[in-house]
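Structure first, commentary second.
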Amino acid sequence: MACIEIENLRFTYPSREIPTLHGITTHVPRGAFVLLTGPTGCGKSTLLRTLNGLIPHASAGTLTGTVHLNGKDIATQRLATTCQQVSLLFQNPDDQLFCTLVEDEIAFGLENLGFPPEEIQERITIALEQVGLSGFESRQISSLSGGEKQRVALAAVCAMRSQVLLLDEPTSHLDPKGTREILNIVNYLNKEIGITVVLATHRTQEVAPLCDHVWLMEDGRLCLDLPKADAFQDVTPYQRLGVQVPVDVPSNAPTSPPKPAANVERQEALLNIQNLHFRYPNTDKDAVCDISCEVPGGEVLAIMGANGSGKTTLIHLIAGLLRPSAGEMWIDGKLCNRMKLHQLAGKVGIVFQDPDLLLQAETVRDEVAFGPKNLKFLRKTLEERVDRTLTRFDLQNLGAEAPYALSRGQRQRTAVAATFSLYPDLFLLDEPTTGQDAQHLYQLMDELRNEIRQAHKTLIFATHDAELTLKYADRILLLRDGVVIYDGDPESAFADRELLQQASL
């Protein structure tokens with residue numbers, strides 16, 4: 001008997017006329033591992049939320065069709081009952097971690113279900129052992145790395161002893177080491193404990209070896225529903241949708257053209273950093289330590305390193321969101337250590353790893369127009385710029401949508417477009433791959449790179465994605481514990497195995 005049975009499932013959000021899910025019919029055998037993939041906005045996250053009861057119990061909209069879990073209709077079953085059987089791990093662990101201490105987080109669900117203290121403590125110990133965090137009971141969650149936080153969230157799932165584990169892009173925020181750790185744990189839970197797994201991701205290369213079944217979604221439909229042995233025999237559907245195909249699959253054609261040769265004129269640096277240090281309050285170690293570099297106009301620079309290596313801190317220092325503890329920084333020849341943020345508007349633009357920190361307008365179009373409007377652009381110039389920017393980032397059909405009604409990847413593109421509309425001289429991106437399928441990611445990066453080259457501006461992006469760096473970056477900074485351990489061309493860096501091990505890549 002199948003663990004999950006889905007029949008003619010349709011769902012439409014209140015703000016949409018077109019359904020997000022269109023007549024999905026399939027099943028998941030008990031103990032299966034399903035890889036769920038598809039382009040940004042195809043409905044992956046919505047489908048997961050119907051499988052654990054958040055839709056319809058905690059989300060408005062129109063649901064038809066059925067989802068049965070162990071023969072029971074999830075739509076009519078109490079959400080509290082379903083949540084004991086099905087767990088959902090979000091893309092960002094911070095979205096589902098509520099407590100201060102690790103043991104309190106793992107105990108949270110069990111306490112709400114009235115488990116006795118002795119059993120709760122036993123389950124905490126076993127769960128932490130399963131995710132490789134034994135002894136972390138009293139650790140502050142805020143002090144953990146992104147990978148450790150995701151393992152705490154997984155431990156909470158293990159403690160509940162759910163039958164089904166749903167994961168929504170669980171590794172998109174993690175470095176390669178953290179990704180391997182999480183996927184090894186998920187594989188253990190599936191193969192050794194027998195938990196049924198449905199994992200949604202754009203990173204099929206990493207998950208394909210672990211799964212036994214593949215779902216490929218397009219516009220709210222399952223356009224492919226096959227065992228893994230058959231799922232990659234024809235790669236045409238994946239290439240058409242811009243979805244990554246595992247590299248060991250034959251006839252895996254590249255999804256985008258190779259990186260064009262850089263033509264960076266080494267003139268006065270657009271960005272000049274000298275002996276930069278930064279230490280967060282109440283810590284005893286610099287998050288960024290003695291960094292010096294010059295970045296000319298027209299260059300694309302990648303910053304790489306493990307979680308906690310200082311990538312985001314450096315990006316925030318360049319953007320003026322943090323003030324250096326020591327050292328100096330010039331942008332376009334002007335010392336900016338004490339510049340106010342409004343003085344950098346139009347000069348420096350930043351897109352955070354979490355796009356929701358930037359989005360605040362009622363519609364996508366308003367979001368893209370917000371910056372130019374505040375810089376007092378003429379109406380005609382403003383409208384032309386907004387239209388052009390929406391088209392460049394494939395948002396022209398989403399202009400009237402509310403940003404928070406979009407998928408994570410669409411929100412990320414909206415945040416990029418809103419920043420791009422200011423045409424900043426220095427464009428900063430923190431983890432641009434978050435929630436993006438290959439096609440939209442390459443389209444986004446192509447547009448940014450072309451603008452950088454033509455207008456002699458500078459693009460700096462922080463990433464864990466080696467392929468993205470090799471494709472787009474002229475130069476790479478490798479960080480380890482806040483220190484630059486390499487500054488040079490990407491090809492040489494990725495040919496040095498010892499260097500990559502030092503950087504946990």
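Note: hydrogens, waters and symmetry copies are ignored here, and every other heavy atom, side chains too, is used. Sequence positions, counted from 1, serve as the residue numbers for this chain.
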- Message: I'd like to know whether Tyr13 forms a side chain to side chain contact (heavy atoms under 4.5 Å, CB included) with Thr62, so could you lay out the CA-CA distance, the side-chain angles of the two residues, the decisive distance to 0.1 Å, and finally the verdict.
- Response: CA-CA 7 Å; Tyr13 287 102; Thr62 304; over 6 Å; no
- Examine Phe461 together with Phe427 and report whether their ring centres are nearer than 6.0 Å. no
- Query: Step by step, would you call Asp387 with Arg365 a salt bridge (Lys or Arg N to Asp or Glu O under 4.0 Å)?
  - Reply: CA-CA 8 Å; Asp387 288 339; Arg365 186 177 187 85; 2.8 Å; yes
- Query: Between His316 and Phe352, does the ring centroid distance fall short of 6.0 Å?
  - Reply: yes
- Measure from the side-chain N and O atoms of Asn112 to the backbone N and O of Phe108, and report whether any donor-acceptor pair falls under 3.5 Å. yes
- Task: Check the pair His440, Asp394 against side chain to side chain donor-acceptor pair (under 3.5 Å), reporting the backbone distance first and the verdict last.
- Result: CA-CA 8 Å; His440 281 109; Asp394 197 22; 2.7 Å; yes
- Looking just at side-chain N and O atoms, do Thr66 and Asp73 make a donor-acceptor pair shorter than 3.5 Å? no
- Task: For the pair Asp430 and Lys311, find out whether any cationic side-chain nitrogen is under 4.0 Å from an anionic carboxylate oxygen.
- Result: no
- Task: Give me the ring orientation class for Tyr472 and Tyr442: parallel if the planes are under 30° apart, tilted from 30 to 60°, perpendicular past 60°.
- Result: tilted
- Stepwise side chain to side chain contact (heavy atoms under 4.5 Å, CB included) check, Leu51 with Ile4: CA-CA 8 Å; Leu51 302 186; Ile4 299 173; 4.2 Å; yes
- Between Gln163 and Asn70, is any side-chain donor less than 3.5 angstrom from a side-chain acceptor? yes
- Item | Student check: side-chain heavy atoms of Cys3 and Val164 closer than 4.5 Å | yes
- Message: Evaluate Thr26 against Asp225 for side chain to side chain donor-acceptor pair (under 3.5 Å), listing each step before the verdict.
- Response: CA-CA 8 Å; Thr26 187; Asp225 180 0; 2.6 Å; yes
- Message: Tell me whether Arg203 contacts the main-chain N or O of Thr171 through its side chain, where contact means a donor paired with an acceptor under 3.5 Å.
- Response: yes
- Message: With a 6.0 Å cut-off (strictly less than), is the heavy-atom count around CD of Glu383, excluding the residue itself, greater than 12?
- Response: yes
- Message: Taking atom CD as the centre, does Glu7 end up with more than 12 heavy-atom neighbours from other residues, nucleotides or ligands that are less than 6.0 angstrom away?
- Response: no
- Message: Check this for me: does any side-chain nitrogen of one of Arg139 and Glu103 sit under 4.0 Å from a carboxylate oxygen of the other?
- Response: no
- Query: Picking from Leu222, Leu226, Ile24, Leu35, what satisfies side chain to side chain contact (heavy atoms under 4.5 Å, CB included) with Trp215?
  - Reply: Leu222
- Applying side chain to side chain contact (heavy atoms under 4.5 Å, CB included) between Leu459 and each of Leu301, Leu429, Leu428, report the one that passes. Leu429
- Message: Quick one: does any side-chain atom of Arg221 pair with a main-chain N or O of Met217 as donor and acceptor, under 3.5 Å?
- Response: no
- Query: Would you find a donor on one side and an acceptor on the other, under 3.5 Å apart, between the side chain of Ser162 and the backbone of Cys158?
  - Reply: no
- Message: Regarding Lys373 and Asp366, does a basic nitrogen lie under 4.0 Å from an acidic carboxylate oxygen?
- Response: no
- Ionic contact status for Arg408 with Glu169, cut-off 4.0 Å: no
- Query: If you measure from the Lys or Arg side-chain nitrogens to the Asp or Glu carboxylate oxygens, is any gap between Arg411 and Asp356 under 4.0 Å?
  - Reply: yes
- Criterion side chain to side chain donor-acceptor pair (under 3.5 Å) on Gln77 and Gln85, from CA distance to verdict: CA-CA 11 Å; Gln77 181 172 266; Gln85 303 167 316; 3.2 Å; yes
- Item | Check: Val157 main-chain N/O paired with Ser87 side-chain donor or acceptor under 3.5 Å | no
- Do Glu218 and Arg240 meet the salt-bridge criterion of a basic N to acidic O distance under 4.0 Å? yes
- For atom NZ of Lys72, is the number of surrounding heavy atoms from other residues, nucleotides or ligands below 6.0 Å larger than 12? no
- Task: Flag the pair Glu119 and Arg123 as a salt bridge only when some basic side-chain nitrogen lies within less than 4.0 angstrom of an acidic carboxylate oxygen.
- Result: yes
